[in-house]
Amino acid sequence: MEMRKINKLFAIVLCCVGAMSLVSCIDSDDGIDSKTYQQYLTSIAGNYAGATSDYRYENKLKFYNDTITDKNNPNKIDSIMSVMGSVRMDSSFVITGVQGKVLALNFPDEYKDLKEAIEKAPDQTITGKFVFASVGQTSLMMLYPEPIVYPELTYGGQTHKNITINFWGPSGGYFTNSSYIRVLELPVFMAYVYEGDKKLFSICDDVNNPSKAIYGQLFVTLSR
């Protein structure tokens, strides 16, 4: 499958992920004093329902969709507007309204039944933890998303338990705090799909390879 062009924003994030994957652990002692760290936690915490004053920062989930044939969209970047989110003082984040059609878009053809079951399932929530790697008007965050688990799905004439979509981590995200808006940019990368302990297939098996990582990337923008 040919991949000649990658959206510029996606390419920047992919480079960031490649660099950050070399870091095994970052904590608040790495150049950020505890008082400053707490101030930024207070600033980022809250509900992100979407800013209405600036269309550029509307809540949105962007993803690569190889089925797009529109010549005006050569990068094949699709999006949905259903997402909302929140950040808590315990350094956790929540992204709601993640549609199954997005999660299952790049499943292999041989798992068509599973794909259709996930498309029909209720919208999912992505949760995880984050750590500030640097702080300022635009702060760099390290994101550690938790797996999405479907306790039970029926497809192919059988009931399947604990279908799990795992994510790569950490990935690099950003928090921008200006005088009129606060914006989160949270790229997460789907990795492998499991049934119980059995790996079924990979969505993206190399997050440092842009031509592969693009198939697993969910780029979430949230604002308030």
With sequence neighbours left out, write down each residue that passes side chain to side chain contact (heavy atoms under 4.5 Å, CB included) with [X], or none if nothing qualifies.
X	answer
Q137	S178
A45	M89
T159	E152, T154
N47	S86

Would you say that [X] contacts [Y] through its side chain, given a criterion of any heavy-atom pair below 4.5 Å between the two side chains?
X	Y	value
M190	L103	yes
V183	L222	no
L186	I95	yes
I80	F63	yes
L218	I126	yes
L41	S91	yes
K60	F219	no
I165	Y150	yes

Out of curiosity, [X] [atom1] to [Y] [atom2], how far, rounded to the nearest 0.5 Å?
X	Y	atom1	atom2	result
C204	Y64	SG	OH	13.5 Å
L143	M141	CG	CE	5.5 Å
Q39	I44	CD	CD1	14.0 Å
L61	S82	CG	OG	7.5 Å
I68	D70	CD1	CG	7.5 Å
N65	S79	CG	OG	10.5 Å

What about V149 and Y155, same hydrophobic cluster or not, with Ile/Leu/Val/Met/Phe/Trp/Tyr joined at side-chain heavy-atom distances under 4.5 Å?
no
Given the rule that I, L, V, M, F, W and Y join up when any side-chain heavy atoms are under 4.5 Å apart, are Y40 and Y144 in one cluster?
yes
Set of side chain to side chain donor-acceptor pair (under 3.5 Å) partners for S43, sequence neighbours left out
N177
Chi angles and distances behind the side chain to side chain contact (heavy atoms under 4.5 Å, CB included) call for V94, R88
CA-CA 9 Å; V94 177; R88 304 188 180 104; 3.5 Å; yes
Look at the side chain of [X] and the backbone N and O of [Y], then say whether any donor-acceptor pair between them is shorter than 3.5 Å.
X	Y	value
D33	Y37	no
Q217	Y215	no
D206	N208	yes
N166	V193	no
T42	Q38	yes
S171	P187	yes

Salt bridge (Lys or Arg N to Asp or Glu O under 4.0 Å) contacts in which one or both residues fall within [range], not counting sequence neighbours:
range	value
residues 210-224	D205-K212
residues 164-182	none
residues 136-145	none
residues 120-129	D90-K129

Indicate the ring-plane relationship of F132 and F175, choosing parallel, tilted or perpendicular according to the 30° and 60° boundaries.
tilted
For L153 versus A121, what's the shortest heavy-atom pair and its separation?
CD2-CB, 4.4 Å
Correct closest heavy-atom pair for N59 and S223 would be OD1-N, 2.9 Å
Which pairs pass side chain to side chain donor-acceptor pair (under 3.5 Å) with one or both residues in residues 191-201, sequence neighbours excluded?
H160-E195
Under the side chain to side chain contact (heavy atoms under 4.5 Å, CB included) criterion, do K62 and D78 qualify, and how do the steps go?
CA-CA 6 Å; K62 294 192 293 185; D78 207 344; over 6 Å; no
Pairs under 3.5 angstrom only: tabulate donor-acceptor contacts from the side chains of residues 107-116 to other protein residues two or more places apart or in another chain.
residue: Y111; atom: OH; partner: L200; partner atom: O; Å: 3.2
residue: K115; atom: NZ; partner: L105; partner atom: O; Å: 3.3

Within residues 77-106 or reaching into it, pairs that qualify as ring-ring contact (aromatic ring centres under 6.0 Å, His included) - sequence neighbours excluded
none
Take Y174 and S139 through the test side chain to side chain contact (heavy atoms under 4.5 Å, CB included) and record every step on the way to the result.
CA-CA 6 Å; Y174 293 93; S139 301; over 6 Å; no
If you apply the rule ring pair (Phe, Tyr, Trp, His ring centres under 6.0 Å), what do you find for F189 with F167, and how did you get there?
CA-CA 5 Å; F189 296 81; F167 291 86; 9.3 Å; no
Cut-off 3.5 Å, side chains only: do T96 and T125 have a donor facing an acceptor?
no
